[in-house]
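The sequence lines fix the lettering, A, B, ..., with proteins before strands; numbering per chain opens at 1. Fair warning: this is a prediction, and the values are worked out from it, not measured in the lab.
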Amino acid sequence: MVSPVDSGTRAFDAPHSAEQTGTLAQAAQALMDGSRQMGVLNAERLAQGLAQVAARDPGHAAKLRAEIEPQLAGTDRERLARELSTAPSQQAIGGANSGETPANPSQTPRSAGSLFGRDAAMEQAQWFSHLSDRAWNAADAIRSDPSQPNSVRDLVSLSQPFMAVGLGALGMVNDLATLVKDPSLLVEPLMHPADTAKAVGKGLIDFIANPNPFRQGQTMLTNFADPGMLGAHLAVSSSRLGSAASGLISSAADVDKSWRADLARSFGNVLDGGSFLPGDAGKGAGLLFPSFKTSLYAVPPKVNGLELQRLETTAADIIAAELRGSVNRVFPGRLREKTLAEILEGARNGDKACQTARKLLTDGRFLK
Amino acid sequence: MTWYVASLLFKSTHSEDQSESPPYDDLWEDSLILLRADTADAARQMAVDEGKLREVAYRGQGDDVVAWSFERVERVFEVQAQTLESGTELFSRFLKASEVESLLTKLKDAEP
């Protein structure tokens, strides 16, 4: 079964080093190994890997293809030829089938059986992985971008549970559909235990490294039909729950500094409606789980030691609230309506006025 | 090569006549920069060059143009360590009581 958690791996990184140090056969094998997903060869990835090699060394790519093609099943060989026909470096990659492949496969009539079979199943699984990754990456990027309006970040944050459920359900449908298209995929992982173990390992690393709990939840839902992966995910989640529980106990004596207080404040803000309420009552919806110290937060509550709320405040507001009026006399006029985050960014990029503004806003001698 | 820390003094000036404003003192900035040089003299020259590079002017309130000009290198302090690490002393100076009092006082708004 194809797992979406493996979709972020770079299938053709490994062959590069192998090409430098190993023989042609080893490089070809590494390229094929790197193109497998849960033990199943992915012709598209293989074609991408060959195209990358061809971009650097066309002759070597042609030799690799000649080495690889005899090892492929008929359908995989046809699929590879089709993928290579669309690759930018296809002229240089060569291969036995290159002359038989249409210049533009989109002009080739789709065969009646193309909705089923391994290629169709793999294509569909890849399509879902791309969709899932792009959706979550976009959501995470917006949530962690302080320059986005609070209302937008809140909206994206609050939509995450629905995204998780929707994409999880779609993932289960995808799993079932791939099985319908090619039932042999069910036993494929068992036939390639080493590759399967490697893919599961990569999936687990991605899973552990991923800070977004809803994305993790979707991954679990998606892998409902994949007992091995589901079991591993449950184990990781259980260990996290244990860690969270110990955090709760250890924080009982110091509530003000504990994640429990942060969590309570977050939930309170979510219940308040975040930034959607008049008077900006509660900005926490955009910072769901802001200090859940078991790595479940997606937006850091502090950046370089500065409170996020202060980072999003304009210089004029900071001066009015915290600093003496004499600062206005030397403060750059064009930066008055910029947020502290924007000023810090400008200072880092070498803008001298921003550098002066940063010092004026952070020098304690100007405090009221 | 030795590490040095130079203290640079910058002064702000204004293009607009401030006579109608409260009598503010011109604001100065003491900026400490880290330098790597063979000798203290070389470090001082580097500090002068760096100070000139850091001069800046921009529009402040209304049409007022604020200019920060480099005035001088106040001093160059040799760091007594070859490698910088947590706890390394970067700068030191001795102060009179009145200077300490001044440094610890917040920059007040001038009375109109």
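- The two atoms that bring A:R329 and B:H14 nearest to each other are O-CE1, 3.1 Å, heavy atoms only.
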Could you walk me through whether A:T356 and B:Y58 satisfy the side chain to side chain contact (heavy atoms under 4.5 Å, CB included) test, starting with their C-alpha distance in whole Å, then the side-chain angles of each, then the deciding distance to 0.1 Å, before giving a yes or no?
CA-CA 10 Å; A:T356 300; B:Y58 50 79; 3.5 Å; yes
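- Residues satisfying the side chain to side chain donor-acceptor pair (under 3.5 Å) criterion with B:E78, sequence neighbours excluded, are absent altogether.
- Residues of residues 42-57 of chain B lying under 4.5 angstrom from chain A, judged on non-hydrogen atoms, are B:L53, B:R54, B:E55, B:V56 by number.
- Of the possible polar contacts, one joining the A:R365 side chain to the B:L103 backbone as a donor-acceptor pair under 3.5 Å is found.
- For B:D41, the side chain to side chain contact (heavy atoms under 4.5 Å, CB included) test picks out B:T39, with sequence neighbours left out.
- In this structure, A:R134 places its CZ atom where only 12 or fewer heavy-atom neighbours from other residues, nucleotides or ligands lie under 6.0 Å away.
- Residue A:K338 places its NZ atom among 12 or fewer non-hydrogen atoms of other residues, nucleotides or ligands, all under 6.0 Å distant.
- Among residues two or more places apart in sequence or in another chain, the ring-ring contact (aromatic ring centres under 6.0 Å, His included) test is passed with B:F10 by B:F70.
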